[in-house]
Amino acid sequence: MKQKMRSGYGGTGPGVITPDGCAVELYSRLPPGDEPDIVAAAVPVGAHILELGSGVGRMTHPLLERGFTVTAVDESPEMLERVRGARTMCSPIEALDLGETFDVVLLASFLVHAGDVGVRRRLLRTCVRHVADGGCVLIQREGEDYHTNLPRERVDPSGFTVRIVSAEPVGDGVNSVRAEYEFPDARWTQTFLSRPLSRQQFEEALAEAGLRVDRYLTDDRTWVRAVPAG
């Protein structure tokens, strides 16, 4: 059954487009970058990771190769069909309740910047609900100039170009962001809603959910290790 597109989200290009505007074929092509190394350096060896919003396994597969156990969660069955070697769960993140806890809960892809504050709160509650005692939550934030340094373009060494074209205000502190991905043989676009969060606003959002920053993992503070505040 075709999934309904989330309001304010959209995408174009070959193949299936998921409810948040992501293209399955596009994400199957994107390299993992240094993100798996950042995660691996911040958590115990062999940890069991709950990966929220895994997509096609862009990070899942490198984490498995590094010896971690991964439970991959995504709301798109077409995305999860591409995941190999991990337990998979098809569910919206904000509705997830597995009745178990994990050493590490991973919330990447800037999901904490959900335009809808209620969705953000439910995402963070999902993280808290599933993190084990003594465990941690790893969160990926947007860069501080993400919505102002526009348009910007990056040419990946593997041969494709990604552009963040615009971030237009749509009210209540939320922007509509447009991204373009250009390969030699295909082109995709994605439009999504994002709420910029200053460092203070981000830490306040964590506190509201019962989390606190343990440490920032990267110099630009885009990767964060959080722990239950209690």
(request) With salt bridge (charged side-chain N to carboxylate O under 4.0 Å, His left out) as the test, would you mind laying out the steps for D37 and R66 before giving the verdict? (result) CA-CA 9 Å; D37 291 329; R66 287 160 173 77; 2.7 Å; yes
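- The number of heavy atoms from other shown groups lying within 6.0 Å of CD (E180) is above 12.
- Between D156 and R154, the shortest heavy-atom distance links the atoms OD1-NH1, 3.0 Å.
- Linking ILVMFWY residues whenever their side-chain heavy atoms come closer than 4.5 Å, directly or via other members, leaves Y27 and Y9 in distinct clusters.
- Hydrophobic cluster membership is shared by V112 and L211, with clusters built from Ile, Leu, Val, Met, Phe, Trp and Tyr side chains linked at under 4.5 angstrom.
- Separating the CZ atom in R121 from the CD atom in E208 is a distance of 4.0 Å, to the nearest 0.5 Å.
- At most 12 heavy atoms of other shown residues, nucleotides or ligands fall within 6.0 angstrom of atom CG in D219.
- The pair E168-R178 fails the salt-bridge criterion, with no side-chain N (NZ, NE, NH1 or NH2) lying under 4.0 Å from an Asp/Glu carboxylate O.
- Between S54 and T60, the shortest heavy-atom contact is CB-OG1, 3.8 Å.
- A distance of 7.0 Å separates CG of D74 from CD1 of I93, quoted to the nearest 0.5 Å.
- Note that R29 lies outside the cation-pi zone of F160, set by a 6.0 Å cut-off to the ring centre and a 45° limit from the axis.
- Side-chain contact between T18 and E75 is absent, with no heavy atoms from C-beta onward closer than 4.5 Å.
- Residues S28 and V56 approach most closely at OG-CG1, 3.6 Å, considering heavy atoms.
- Taking the charged nitrogens against the carboxylate oxygens, R199 and E203 do have a contact shorter than 4.0 Å, which makes a salt bridge.
- Linking ILVMFWY residues whenever their side-chain heavy atoms come closer than 4.5 Å, directly or via other members, leaves L96 and M59 in distinct clusters.
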(request) Using the side-chain hydrogen bond (donor to acceptor under 3.5 Å, both in side chains) rule, take Q200 and S198 through it: C-alpha gap first, then chi angles, then the decisive distance, then the call. (result) CA-CA 5 Å; Q200 179 179 343; S198 67; 5.5 Å; no
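- Contact detail for V43 and C136: the closest heavy-atom pair is CG1-SG, 4.0 Å.
- No more than 12 heavy-atom neighbours from other residues, nucleotides or ligands sit within 6.0 angstrom of CG on D133.
- Two different hydrophobic clusters hold L138 and V105 under the rule that ILVMFWY side chains link at heavy-atom gaps under 4.5 Å.
- Summarising the geometry, atom CD1 belonging to I139 is positioned 5.5 Å from atom CG belonging to L124; distances are rounded to the nearest 0.5 Å.
- Of the candidates V224, I38, D34, T218 forms a side chain to side chain contact (heavy atoms under 4.5 Å, CB included) with just one, namely I38.
- Scanning both residues, S176 and V170, for their nearest heavy atoms gives CB-CG1, 3.8 Å.
- Taking CG from L106 and OG1 from T71, the interatomic distance works out to 12.0 Å, rounded to the nearest 0.5 Å.
- In this structure, CZ on R87 lies 6.0 Å from NE2 on H48, to the nearest 0.5 angstrom.
- The CG atom of L193 sits 13.5 Å away from the NE2 atom of H113 when rounded to the nearest 0.5 Å.
- Hydrophobic cluster membership differs between V174 and L197, with clusters built from Ile, Leu, Val, Met, Phe, Trp and Tyr side chains linked at under 4.5 angstrom.
- Ring geometry for H130 versus F102: interplanar angle of 30 to 60°, hence tilted.
- When each of F192, Y146, W223 is checked for a ring-ring contact (aromatic ring centres under 6.0 Å, His included) with F110, only Y146 meets the rule.
- Of the charged side-chain nitrogens involved, at least one lies within less than 4.0 Å of a carboxylate oxygen, so that D172 and R195 count as a salt-bridged pair.
- Taking the side chain as every heavy atom from C-beta outward, T189 and V165 never approach each other to under 4.5 Å.
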